[in-house]
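These notes concern the structure reproduced below.
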Amino acid sequence: MKFFIEEGNIGNDATKEQTIELIEMLKKKGWDVEYGRGQNKPTDVSEFGQEEKILDAFSDDFMACLDQFGI
């Protein structure tokens with residue numbers, strides 16, 4: 001799946017630099033993440049019908065990365 005993240009997704013006081021760093025952390029974990037606003041969407045046929053499961057796994061990694069920032 002393709003995910004989009006911007007400052008508003010991580011906190012009111014988040015900076016663009018923090019957002020970019022978070023995106024890089026998530027990419028290292030294997031996620032397809034880009035900076036910006038957009039609809040999270042499946043990018044491969046095998047992902048159709050699995051969106052909720054994939055989103056749950058992404059959310060876990062997203063929160064783990066946020067914990068490292070202390071945001």
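Remember, predicted model here, so these are calculated numbers, not experimental data.
- Residue L26 holds its CG atom at 11.0 Å from NZ of K28, rounded to the nearest 0.5 Å.
- Rounding to the nearest 0.5 Å gives a distance of 7.5 Å between CD1 of I20 and CD of E7.
- The side chain to side chain donor-acceptor pair (under 3.5 Å) test applied to E6 returns R37, not counting sequence neighbours.
- Listed by first and then second residue, the salt bridge (Lys or Arg N to Asp or Glu O under 4.0 Å) pairs involving residues 48-62 amount to none (not counting sequence neighbours).
- The ring-ring contact (aromatic ring centres under 6.0 Å, His included) contacts involving residues 32-57 comprise nothing, where partners must be two or more places apart or lie in separate chains.
- Under a hydrophobic clustering in which Ile, Leu, Val, Met, Phe, Trp and Tyr are joined whenever their side-chain heavy atoms come within less than 4.5 Å, directly or via other members, M1 and V45 fall into different clusters.
- For the atom pair CD1 of I5 and CZ of F62, the computed distance is 5.0 Å after rounding to the nearest 0.5 Å.
- Residues that satisfy the side chain to side chain contact (heavy atoms under 4.5 Å, CB included) test with D44, not counting sequence neighbours, are S46, E47.
- Partners of N40 under the side chain to side chain donor-acceptor pair (under 3.5 Å) rule, at least two apart in sequence or in another chain, do not exist in this structure.
- Ring pair F58/F3 is parallel by interplanar angle, where below 30° counts as parallel and above 60° as perpendicular.
- Every residue two or more places apart in sequence or in another chain that forms a side chain to side chain contact (heavy atoms under 4.5 Å, CB included) with E34 is listed here: K2, F4, K27, D32.
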